[in-house]
Novice: 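This is the structure I have questions about; it appears just below.
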Amino acid sequence: MYLWNQLVLAVLLSVLPTTLGQNVLDLSGDGWTVSSKALNISVPGNVPSQVHLDLLDANVIDDPLTTSKSSWLVFNGLDTFATIQFCGQSIGTTNNQFRQYTFDISNALKHCNASPTLSLEFGSASKIANAIADDPNSQKWPSGVQGTFEFPNRWYIRKEQSDFGWDWGPAFSPAGPWQNIYLVQSESEEDIHVLNTGFDIYRKGQINHLAPDQSQPWVVNASIDYLGSLPRRPSMSIDIKDLESGKVLKSGSLGNVVVFGQTITGTTIVDADAPSLWWPAGMGKQNLYNITVTIQSSGDDLAVVTKRTGFRTIFLNRSNITDEQLAQGIAPGANWHFEVNGHEFYAKGSNLIPPDAFWPRVTEAKMQRLFDAVVAGNQNMLRVWASGAYLPDFMYDLADERGVLLWSEFQFSDALYPTDQPFLDNVAAEVVYNVRRVNHHPSMALWAGGNEIESLELPSARQHDPASYPHLVGDYEHLFISLILPLVYENSRSISYMPSSTNNGFLEVNLSAPVPMAERYDNGTEEKGHYYGDTDYYNYDSRVAFDFTGYPVGRFANEFGYHSMPSLQTWQQAVDNEDLHFNSSTIMLRNHHYPAGSPDTHNYTRSALGMAEMTLAVERYYPIPDKQDSIANFSAWCHATQLFQADMYKSEIQFYRRGSGMPERQLGALYWQLEDIWQAPTWAGIEYDGRWKVLHYVARDIFQPVIVSSFWNYTTGDLSIYVTSDLWETARGTVKFTWTDLSGKPIPGNAGTPLTKRFSVRALNTTRIYGTNLAQLSVPDTKDAVLVIDLTARGRLPNAESKILTTFTHRNQFTPVFPKDLALRNPELKLSHDVLAGTLTVEAQSAVSLYTWLDYPAGVVGYFEDNSFSLLPGEKRTLRFVVQKDETGGSGLMVLLCAVCGIKLPRLET
């Protein structure tokens, strides 16, 4: 109940005359007070009036005539061209797979006379792209520039570009509601619905392209996008709790609360050393916090949002080399490396492609297995490749938990893109939504504008049409620098941005300029011996596969690789046994290297080129499989292509890691690619169902913190042995050299090589511990010799909290001829198992086993703790098999052993 009280009424009545006659006093006006004891409300009142009007004037309520039940449809992802109807009424259309769309259906629902039916009609993306291309007013590019893999014209539309085909995947171009749909209803406009958040944690004064000051306090910026209307002068509060202990790090009101459009933002400060930092895998703990932000008004909670996050700085350093660095022996030019919490580190990892051609099949369970394999593979970074899709939040959550940094890219690749205003507006909405959506994840490491546009597309355009080149560079800068860069900076202070995945860095950044980042396009004009950027390298001439003098020298390697066949077990998931031979039409058509370039060709001719590259690589370096059983022979060929792939990647990764101690100061190797999108020949190290190829095991080995590696120039005969470390402190230890023949018999005098060498290797560095020429060694028969190199080192893990010395071991080997020319012997591998301990033990009984390989049958997904390793006669290796998924009902694990490619021993049941 509300009461009107006039404070001066009693006084006025006391002076009224008592004689007959009339004296009228008007009590209308604004001297009244409206109050409710029950609600503890007291506001100024008016006469004449009613309670709603006085409460409205006091901003306690909104206009009752405008307050009604509001209804919205929220689409988190429609792929791609959709026409939306509700109750038979047109609601709207969409044209971007990567945007969140909202539509007010209040009026449509109010006038709905039938069943409230929602209808989504999707158009053919490929046909729509072709129609846009055929429009004479559409932007055109020089012939031969755009990367067409199967369906053309993908660059005109905002859809997953690899849906149009790529050299590792199919071209299905799917359509449909690929993410969640919500109906949101509110009783009043004071009910708000949270659409997106933009939580940003950074050091005070931090800006994206400059190194943050680690002594500064943390700024926590909480920004929330919402549906509905906020009352005037809302407030925000925050609660930050340690996820593990529950301890409150910060609690209270947010300051600088601002409402702009449909976004409310506030900030708070956290002391510089108060939080426990989040670190990537191998560098410390993944300390996480729950941040809860509440939007309030007059003591009521209007919305509550909780996000899990971490405190860390991650910075891509592309600044010029300093005098101090020059004095350390680093070549002039510019840096190109990552720094986490102020520490430079070696980025070890691979490139992530879409894990399935159909995203709704990408389950959290499958991605958990994948990220577990990433960490088990000693990887600390994945490059989320452009032209797939922006990853769902649960994949960033998995990366947060496991310490995997995600270099993320906007969805543009191997093409030049339109710059008309509708296209730019569409991209802007896509960029803002996705930057804000994932920014709170500590695993978020970088935004790149696109893939290979600066390093491949622009040079191709200059070659095909020199006259148009300046205009095309201007279009590139308009989209990737003038449009996208400011949008990243406006929505994140914590993440660096670069316009293209492979580039030579920038000359300067001026955020007030029309083109705020001036890129260094041409490295060739720079002085010899200067290094500026990262590298992208592929060479399918297997004759030079192991010629490390031809590998690119740069600051960082973000793409490199060679394709291989998947295993027999994976082929059998999709292909009938009668088609399982190397050049069957089915196998050929699933090989998309090289791409058809058109949907109208069977692709046999171009596919044959890629198949030949794998065949020739095996024949040049490995014993050729020659089994009587056709399926067994096919399986052996598949494995042989994987051996070549793994050895080639090993050669390159060793070279890049050695570069950490060379003038180029190379600090990263991300190979192409982590995983498969289907069952086919690709560059993947993990097959479609999660099975590890040889590559993932070998990369795991060569990504260990301290490694020993050999560099053999097979043209000159020169051999050098290096120890490389990515620890943050000096590591010391011993390398043991053992020359034997392939039966395991020691070569007299150790072939002239010292038995041991002591070493000391500085932080994030390399050191050469031995060098010779084969002509100077006393090896009786180069075809019957192997040098086994064993390292033992002591050092501290790259962890600011670690003070404990750790022992590191690593084995490598060198043969003075390639494997096909070796006098290989059957090592008579013996397998035993300990059921109680859950371990397997492999022993070489009679000869050297260079490529010891353990395999397992279909129906099980998992990995061995070690694989593709060497054993000397009498040596044993005990390890476990980690089961990630078992569809056999626990009936047992069948293990196959392979001593060298093409030699398989009997199955043993464990």
Novice: Please list, chain by chain and in numerical order, all residues satisfying salt bridge (Lys or Arg N to Asp or Glu O under 4.0 Å) with Glu409, sequence neighbours excluded.
Specialist: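 By the salt bridge (Lys or Arg N to Asp or Glu O under 4.0 Å) rule, Glu409 matches Arg383.
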Novice: Just checking, any donor-acceptor pair under 3.5 angstrom between side chains of Thr292 and Thr306?
Specialist: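 Per modelled atom types, Thr292 and Thr306 side chains form a pair under 3.5 Å.
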Novice: Is it true that, when you exclude Asp393 itself, more than 12 heavy atoms of the residues, nucleotides or ligands shown sit nearer than 6.0 Å to its CG?
Specialist: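 Yes - once you tally the heavy atoms of other residues, nucleotides and ligands closer than 6.0 Å, there are more than 12.
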Novice: Report the C-alpha separation of Asp726 and Lys348 in whole Å, then their side-chain angles, then the decisive distance to 0.1 Å, and conclude whether the salt bridge (Lys or Arg N to Asp or Glu O under 4.0 Å) test is met.
Specialist: CA-CA 10 Å; Asp726 61 26; Lys348 301 181 291 190; 2.6 Å; yes
Novice: Given the rule in the salt bridge (Lys or Arg N to Asp or Glu O under 4.0 Å) test, do Arg657 and Glu652 qualify, once you have shown the distances and angles that lead to the verdict?
Specialist: CA-CA 9 Å; Arg657 288 195 65 184; Glu652 281 195 62; over 6 Å; no
Novice: Is a salt bridge present between Arg361 and Asp356, judged by a nitrogen-to-oxygen distance below 4.0 Å?
Specialist: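 Salt bridge present between Arg361 and Asp356.
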Novice: Under the side-chain contact (heavy atoms from CB on, under 4.5 Å) rule, collect the residues that match up with Thr502, sequence neighbours excluded.
Specialist: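 Result, side-chain contact (heavy atoms from CB on, under 4.5 Å) vs Thr502: Ser455, Asp534, Asp536, Asn558.
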Novice: Determine, for Asp239 against Lys250, whether the closest basic-nitrogen to carboxylate-oxygen distance falls under 4.0 angstrom.
Specialist: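 No, no charged N to carboxylate O under 4.0 Å.
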Novice: Under 3.5 Å, is there a donor-acceptor pair between the Ser408 and Tyr390 side chains?
Specialist: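 No - no donor-acceptor pair under 3.5 Å links their side chains.
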Novice: Can you find a side-chain donor-acceptor pair between Glu457 and Tyr417 that sits under 3.5 Å?
Specialist: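 No, no side-chain donor-acceptor pair sits under 3.5 Å.
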Novice: Taking atom types as modelled and ignoring hydrogens, do the side chains of Gln673 and Asn351 form a donor-acceptor contact shorter than 3.5 angstrom?
Specialist: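 Gln673 vs Asn351: no donor-acceptor pair found between side chains.
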Novice: Hydrogens and angles aside, do Asn317 and Glu339 bring a side-chain donor and acceptor to less than 3.5 Å of each other?
Specialist: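 Glu339 and Asn317 do have a side-chain donor-acceptor pair below 3.5 Å.
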Novice: Does one side chain, of Tyr671 or Glu559, offer a donor that lies under 3.5 Å from an acceptor on the other?
Specialist: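 There is no such pair between these side chains.
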Novice: What residue among Leu670, Asp701, Ile702 forms side chain to side chain contact (heavy atoms under 4.5 Å, CB included) with Ile653?
Specialist: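 Output: one option passes, namely Ile702.
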Novice: Starting from the C-alpha separation in whole Å, work towards a yes-or-no answer on ring-ring contact (aromatic ring centres under 6.0 Å, His included) for Trp279 and His343.
Specialist: CA-CA 11 Å; Trp279 293 94; His343 291 268; 5.8 Å; yes
Novice: Answer yes or no: are there more than 12 heavy-atom neighbours, outside Lys241 itself, under 6.0 Å from its atom NZ?
Specialist: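 Counting neighbours around NZ of Lys241, 12 or fewer heavy atoms of other residues, nucleotides or ligands fall under 6.0 Å, so no.
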Novice: Show your reasoning for whether ring-ring contact (aromatic ring centres under 6.0 Å, His included) applies to Phe556 and Trp336.
Specialist: CA-CA 7 Å; Phe556 195 105; Trp336 210 111; 5.1 Å; yes
Novice: Quick one: do the Asn439 and Arg436 side chains pair a donor with an acceptor below 3.5 Å?
Specialist: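 There is no such pair (donor and acceptor under 3.5 Å, judged by atom type) between the side chains of Asn439 and Arg436.
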Novice: Mark yes or no: Lys366 above the aromatic ring of Tyr688, with NZ or CZ under 6.0 Å from the six-membered ring centre and no more than 45 degrees from the axis.
Specialist: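 The answer is yes; both the distance and angle limits are met.
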Novice: Regarding Arg158 and the six-membered ring of Phe412, is the cationic atom NZ or CZ under 6.0 Å from the ring centre and inside 45° of its axis?
Specialist: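 Yes, Arg158 sits over the ring of Phe412.
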Novice: Find out whether the Lys NZ or Arg CZ of Arg796 is both under 6.0 angstrom from the six-membered ring centre of Trp728 and within 45° of the ring's axis.
Specialist: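 Judged by the rule, Arg796 and Trp728 form no cation-pi pair.
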Novice: Indicate whether the side chain of Arg665 and that of Asn335 have a donor and an acceptor atom separated by less than 3.5 Å.
Specialist: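 Side-chain D/A pair, Arg665 to Asn335: absent.
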Novice: Check the surroundings of atom CD in Gln328: do more than 12 heavy atoms from other residues, nucleotides or ligands lie under 6.0 Å from it?
Specialist: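 Above 12, so yes.
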Novice: Assess whether atom CG of Asp271 is packed by more than 12 heavy atoms of other residues, nucleotides or ligands within 6.0 Å.
Specialist: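 No, CG of Asp271 has 12 or fewer neighbouring heavy atoms, counting only those of other groups under 6.0 Å.
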Novice: Does Trp692 have its ring centroid less than 6.0 Å away from the ring centroid of Tyr697?
Specialist: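 Between Trp692 and Tyr697, the centre distance is under 6.0 Å.
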Novice: Please name the pair of heavy atoms, one in Ala272 and one in Arg203, separated by the smallest distance, quoted to 0.1 Å.
Specialist: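 Heavy atoms of Ala272 and Arg203 come nearest at O-NH1, 3.1 Å.
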Novice: Taking the side chain as C-beta and beyond, is there a heavy-atom pair between Met498 and Arg318 under 4.5 Å?
Specialist: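 A side-chain contact exists here, since the closest heavy-atom pair is under 4.5 Å.
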Novice: Flag yes if more than 12 heavy atoms outside Lys204 fall under 6.0 Å of its NZ atom; otherwise flag no.
Specialist: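 12 or below, so no.
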Novice: Tell me the ring pair (Phe, Tyr, Trp, His ring centres under 6.0 Å) pairs involving residues 196-217, sequence neighbours left out?
Specialist: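 Only His209-Tyr489 qualify under ring pair (Phe, Tyr, Trp, His ring centres under 6.0 Å).
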